[in-house]
Number of protein chains: 2
Amino acid sequence: MADSTGRPPAAGAPARPTSKDVARAAGVSQATVSLVLGEKWRGRVSERTAELVRAAARDIGYRPNLAARNLRLGRTRTALLVVPALTNEFFARVYTGAAAVAARHGFGVVLYPSPQGTGLARDPFASARAALDGVIASSMAADALSAIRGTDLPLVMLDSAPGATGAAAHVNLDVADGMRRIAGHLLGLGHRRIVHLASAVPSWTFDVRAAALREALEGVSGTSLGTVRAPLEVDAGRRAAEQALASPGTRPTALVCDDDILAAGACKAARRLGLRVPHDLSVTGFDDVALARALEPELTTVRLPAEEVGERGMKALLDVLEGRPPALDQLPVSLVPRGSTAPPPAL
Amino acid sequence: MADSTGRPPAAGAPARPTSKDVARAAGVSQATVSLVLGEKWRGRVSERTAELVRAAARDIGYRPNLAARNLRLGRTRTALLVVPALTNEFFARVYTGAAAVAARHGFGVVLYPSPQGTGLARDPFASARAALDGVIASSMAADALSAIRGTDLPLVMLDSAPGATGAAAHVNLDVADGMRRIAGHLLGLGHRRIVHLASAVPSWTFDVRAAALREALEGVSGTSLGTVRAPLEVDAGRRAAEQALASPGTRPTALVCDDDILAAGACKAARRLGLRVPHDLSVTGFDDVALARALEPELTTVRLPAEEVGERGMKALLDVLEGRPPALDQLPVSLVPRGSTAPPPAL
DNA sequence: AGGAACGCGTTATACGTAAAACTCCGGCGT
DNA sequence: ACGCCGGAGTTTTACGTATAACGCGTTCCT
């Protein structure tokens, strides 16, 4: 397929300059170039020589060969962030936080969207074939985890069952508290018949949400809690919600959704059935993504500190890489009441 | 910061096995290991020996060192995909297409979200510090382009001005045709007073859309076309739309948006002003992302073959890398009429 | 005065892999 | 009997970098 023999593919390819070329141009040895360009020269190389080297490097357009450096150093200063979906704004924000912290420490972050059931390569390392120093993975990205294990790479898990996966560190969100706040909010408004529109994607974080919701409602007499499940897509959410709202007699007055996307589907279902949100039906989301405010009415939801998850995750990974004990984190979440919740209709 | 001396960080680190270890375990030379594991051994190594090597590699848990391989080969089989935004579903789909083609050719794709003004590192290579074979970049990711130039890496541009940037290849969408179809659709419904809710992000693709819309309307007498601009966010779109709808006398009957996100904002603005979509105001989007069907009514929009853009982009990059002349592509788009457009209200 | 110390470099080596060049040997044609 | 070929490996080298180990002319201390 490719035609083999290493370097010159065509004739006139000028062959990328190496540190040796810089050395020749500056009239010094290659080691000196390395010293200067690696900022390790204080007291070992004169200022004049250093400037010479820098000028030569600039002149011939030298850019260090990352592969060679990585090989020599035995480390790459690159972390892999495994997320379940690119389109989910939550994970985009996690990336932003992680990348910011990484940059501050001279690290890079490479993104790998775990191909949830899309017949794509299940092996993150097939995609990010860069040599890696460590991995940060969301609990929802279960597909990729098996490939990550069987590697000696340090692993930081995001929002996942503590201790389960041989991870070196965990960064969790207090999603249980988020669900309790949702429950409290709805109970306070007077809702008693509630249906949980839950994620069909199995994941620790959703199990926790379900358990927290159930416990919060069990403490109050006269409540009922149903559950329907759907994959995290608008249309699937709509269908599941339509099913939940089908029985007219015992129709729930509130739909608690595991995700803003599902909540969007629920709102659509309500409209199709002629129910007004929030007058006839209250709907809550989770995550507080942009969609939550694009809908009419805007969604009551739970805001997650996504950037901070990324930041803490990257910090934990750096801790592990540098031999420090990583901090164990559980980040707080907050309720954002908006227009999609109201007291239930009078009986 | 890190404590220098290469390999053993702690005491008991078992030192990742190398091909030499496999050789020793299998009782052959390291070269033979390389031959066998690289699938280059037909006729050079006996079947029995090959199996011996494979068994040894499996036993001691050998995984090749990517950095070393990349150095030796002078190529990494990794491409960088530069996108302006992670959350935009369009680019997620472009990634999917590119990754699929890449996988078929033993390539990986690393994603770099160009930090549109978000004070993050402007240098893609700071993030993806993997050695790269080539770059595929969206025209909207202007921030990163300057860093990519000044590199000898082959560059494939997506949806950008042909020939402008020293790119080795281009893959474009026929967005002009998309806009013409939108215009035709609205004119056919009877609309004459139209406002273009345009992207405030400067980009070739948006320039083309604006020009196409203008030209399409100029051909019809009695039409008027206004323009307001907004960054690609729901709230910004809402504000811009409110401004466009402010003057009651000459209020437009249709809002043509550069993007579904902006269209969502426009719908919100309409509701705030008490206008019903599509009865009082028609709204069109562009891209056909999930949001388009989450809204009520669903958006009339233009569907872009995003996966195919990614596929063609990756194919073009492979062409360039292997010395073939890359195909020049212009992909067709299609109009998706839905509920957000209707004849204008009677005067 | 004699060497230790220092400033300013250089030479040499290693990282792990892929592949070119070489070795060894048994069989075959002439 | 001899050269040649092909099979089955091995030895060697190169990729570009970072750094440990070494060299050498000055200067400084005692």
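Only a predicted model underlies this, so the values are computations on that prediction, with no experimental measurement involved. The sequence lines fix the lettering, A, B, ..., with proteins before strands; numbering per chain opens at 1.
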Rounded to whole Å, CZ of B/R63 lies from P of C/dT17 at a distance of 11 Å
All N/O contacts under 3.5 Å from nucleotides 5-8 of chain D to the protein, with atom names and distances to one decimal?
none

Starting at the 5' end of DNA chain D, which residue's closest nucleotide do you reach first, B/T32 or A/P17?
-> B/T32
Closest nucleotide among C/dT11, D/dT17, D/dC15 to the A/S19 side chain = D/dT17
Mind checking whether A/L80 and A/V110 have side chains closer than 4.5 Å, heavy atoms only?
-> yes
Do A/V28 and A/V36 have side-chain heavy atoms sitting under 4.5 Å apart?
-> no
Closest listed nucleotide, where the reference is the side chain of A/L35 and the choices are C/dG16, D/dT17, D/dT19 = D/dT19
Round to a whole Å and report the spacing from OH of A/Y62 to P of D/dG16.
-> 10 Å
Quickly work out the A/L52 CG to C/dT10 P distance and round it to whole Å.
-> 11 Å
Tell me which donor-acceptor pairs under 3.5 Å the side chains of residues 19-27 of chain B have, and how far apart each pair is, sequence neighbours excluded?
from  : atom 1 : to    : atom 2 : distance (Å)
B/D21 : OD1    : B/R24 : NH1    : 3.4
B/D21 : OD2    : B/T18 : N      : 2.9

Under 4.0 Å between any heavy atoms, over every strand shown, what does B/S29 touch: base, sugar-phosphate, or nothing? Just pick one.
-> base
Tell me what B/V28 touches on the nucleic acid: a base, only sugar-phosphate, or nothing, going by heavy atoms under 4.0 Å.
-> sugar-phosphate
Can you sort out the partners of A/N65 under side chain to side chain contact (heavy atoms under 4.5 Å, CB included), two or more places apart, ordered by chain and number?
-> A/R16, A/A67, A/A68, B/L71
Selection from D/dG16, C/dT17, C/dA12 that lies nearest to any side-chain heavy atom of B/A68 | C/dT17
For B/K20 and D/dT11, what is the distance between atoms NZ and C1' respectively, to the nearest whole Å?
-> 12 Å
For A/D21 and D/dT17, give me the distance from atom CG to atom P, rounded to whole Å.
-> 9 Å
With sequence neighbours left out, write down each residue that passes side chain to side chain contact (heavy atoms under 4.5 Å, CB included) with B/R104, or none if nothing qualifies.
-> B/A100, B/V101
Sugar-phosphate, base or nothing in reach of A/T18, heavy atoms under 4.0 Å | sugar-phosphate
Among C/dG16, D/dT10, D/dT17, which is the nearest nucleotide to the side chain of B/A31?
-> D/dT10
Using whole Å, report how far CZ of B/R69 lies from C1' of D/dG16.
-> 18 Å
Please list, chain by chain and in numerical order, all residues satisfying side chain to side chain contact (heavy atoms under 4.5 Å, CB included) with B/A31, sequence neighbours excluded.
-> B/S29
Integer-rounded Å distance: C/dG9 C1' and A/E47 CD = 16 Å
Whole angstrom value for the distance that separates P of D/dC15 from CG of B/L73 = 14 Å
Qualifying residues under side chain to side chain contact (heavy atoms under 4.5 Å, CB included), relative to A/P64, sequence neighbours excluded = A/Y62, A/R69
C/dA19 phosphate, OP1 or OP2: any side-chain N/O from B/K40 under 4.0 angstrom?
-> yes
